[in-house]
There are 2 protein chains.
Amino acid sequence: MTLGRNKEKKVKNIFIIGTGLIGGSFALDIKALHPDCKVFGIDTTEAHLDEALALGIIDEKADFEALHKADVVIIAIPVDATLKVLPEVLDQVSDDAIVFDAGSTKEDICAVVKSHPKRRNYLAVHPIAGTEHSGPKAAIKDLYKNKTNIICEVEVTAFKLQEKALKLFSDLGMRIRYMNPKAHDKHIAYVSHLSHISAFMLGKTVIDKERNERDIFDMAGSGFASTVRLAKSSPAMWSPIFNQNKTNVIEALDEYINNLKHFKELMEAQDFNEVFNEMEKTNYIKEILKGIQ
Amino acid sequence: MTLGRNKEKKVKNIFIIGTGLIGGSFALDIKALHPDCKVFGIDTTEAHLDEALALGIIDEKADFEALHKADVVIIAIPVDATLKVLPEVLDQVSDDAIVFDAGSTKEDICAVVKSHPKRRNYLAVHPIAGTEHSGPKAAIKDLYKNKTNIICEVEVTAFKLQEKALKLFSDLGMRIRYMNPKAHDKHIAYVSHLSHISAFMLGKTVIDKERNERDIFDMAGSGFASTVRLAKSSPAMWSPIFNQNKTNVIEALDEYINNLKHFKELMEAQDFNEVFNEMEKTNYIKEILKGIQ
């Protein structure tokens, strides 16, 4: 490794577009890793920028005109906005800048910049990390430590810029998985998007039923809290995800509804041996969940 | 308060029927509160008794013939077994013994001992506490601290025995809520039983889809883990609960399925404004979950 290459990897000017949970958490960790770097924040919500500044998440507010000086640009906004913003960011950045997003869908986002002249500056990224909270106040240190980071279409990103991004992800403690965007969107519909709908509709069912029974929620325990937790998530973030990944999510939702109906039919038929079997087979999830943090 | 009453409340011989998570956790805390007491274990699984003994959860194995010396009997077994065991326990205990169960259903259990000559020795209890684990190894200290304990038909339990049980629950750090068995079973279908089915069927949907995709579960994050956590629960415990609370659970499941279908139809109709609204309304769950541990 030459001195020149080391120099190229130095991270100086970081731009965070979307200063909420995901972008803000990247900023906090990168600032800890690179105390000399400067973090610029771009956000459509001025109050978020003020908050991010007050919390020390960003060092300075910025706008698109300043992007030419960026070494790293992280786009962490709703996925519908990413479709519009990503090409505009690529229009502005220098040849040495690495731009990545953190969106929960990859097919449409990769498609929108497929023929962009600066496509090589972009890396399609989905860090499997987050909480049900949102906004700058939700940003936390070490959010990405030991988490999986899915990278799509790595081969069309400039090699030196890949290297810069991978070094950063490695420093953040992430493990990397490579997938194509189509496979990513299909599988993530099952292991992430479906969980959110399941939690939202569980929350809705209970709220609708119990709205006039003020004391009932005293009966809710940690099991309910865990199962419904994702129903606290931001609709502004999740509605565009369901829209972009509609075909896969509807397929997953169909299978989920069919499984619930089948379970109900077993109960109606008084077939509790089979109810038992359904649950016992699914206990296998224990093995799968081992190691998920 | 007289010396006599104080003496009556002293806890000496505790019988735990079912030495798993729920019974074992009661034993651990009661032993810490009353170092002089002796905990007897009864279990149909000999290996569980050995394990409970080795873990210091119980002091001695016992059988039903020894129940006449019990001060407190805790029944923490599957709810179908409780229907059979509870009357047999009441047949054996002395007039001064308090017997309570910890089952997740209350209507059938209260009904089965309605005319039992020792009905006054029984308190119908549902502690809203637990984890997705089971067996003696799953028993933990302080499981009941700050948790809700639902008591049904308190008025038909002998006053002095109520007092003994309530003192114990208070010492364990629990808050008490009184309900009738019918209301308990109806509401618990929504805030607990439905969550379990939702989690089990989510687990099944993902396992069925991804069984041949070994690497896919690297894509699963903490959100999935949280939503599907209850699918680790014991089928031996849960199948009888769904059976006993069938009518209420089927009603809740119907409403859940209808809500999921409606969400899917909104997606199919490309009505993402309404998808957004559905989620935003459900965000109200944040307020409800405050204070649930």
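On a predicted model such as this, the values are computed, not experimentally measured, just so you know. Residue numbers begin at 1 in each chain, while the letters A, B, ... track the order of the sequences.
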Among B/Gln270, B/His262, B/Lys281, which residue forms the greatest number of heavy-atom pairs with chain A at distances under 4.5 Å? B/Gln270
Tell me, out of A/Ser233, A/Pro235, A/Ser192, A/Ala236, who's got the most heavy-atom pairs with chain B below 4.5 Å. A/Pro235
With a 4.5 Å cut-off on heavy-atom pairs, point out which of B/Val275, B/Asn277, B/Ile197 contacts chain A the most. B/Ile197
Would you say A/Asn248's side chain and A/Ala189's backbone share a donor-acceptor pair under 3.5 angstrom? no
Relative to each other, are the rings of B/His196 and B/Trp238 parallel, tilted or perpendicular (30° and 60° limits)? parallel
Is any side-chain heavy atom of B/Leu289 less than 4.5 Å from a side-chain heavy atom of A/Val228? yes
Given side chains that start at C-beta, do those of A/Phe200 and B/Asn283 come closer than 4.5 Å, heavy atoms only? yes
How are the rings of A/Phe242 and B/Phe263 set to each other: parallel, tilted or perpendicular (split at 30° and 60°)? perpendicular
Heavy-atom distance under 4.5 Å between the side chains of B/Ile74 and B/Phe100, does that happen here? yes
Between B/Pro240, B/Gly203, B/Ala231, B/Ala183, the one whose heavy-atom pairs under 4.5 Å with chain A are most numerous: B/Ala231
Close side-chain approach of A/Lys141 to A/Asp29, heavy-atom, < 4.5 Å: yes
Sequence neighbours excluded, which residues qualify as salt bridge (Lys or Arg N to Asp or Glu O under 4.0 Å) partners of B/Lys106? B/Asp101
Looking at chain A, which one of B/Met179, B/Glu268, B/Glu278 has the largest number of heavy-atom pairs inside 4.5 Å, strictly under? B/Glu278
If a pair satisfies salt bridge (Lys or Arg N to Asp or Glu O under 4.0 Å) and one of its residues is in residues 235-246 of chain A, list it, with sequence neighbours excluded. none
Which one of B/Lys286, B/Lys264, B/His184 has the most heavy-atom pairs closer than 4.5 Å to chain A? B/Lys264
Neighbourhood of chain A inside residues 253-260 of chain B, taking heavy atoms under 4.5 Å as contact: B/Leu253, B/Asp254, B/Glu255, B/Tyr256, B/Ile257, B/Asn259, B/Leu260
Of all the residues in residues 128-136 of chain A, which have a heavy atom that comes within less than 4.5 Å of a heavy atom in chain B? A/Ile128, A/Gly130
Can you tell me which of B/Glu280, B/Arg229, B/Met279, B/Lys232 forms the most heavy-atom pairs within a distance under 4.5 Å of chain A? B/Met279
Taking C-beta and beyond as the side chain, do A/Ile188 and A/His193 meet within less than 4.5 Å on heavy atoms? yes
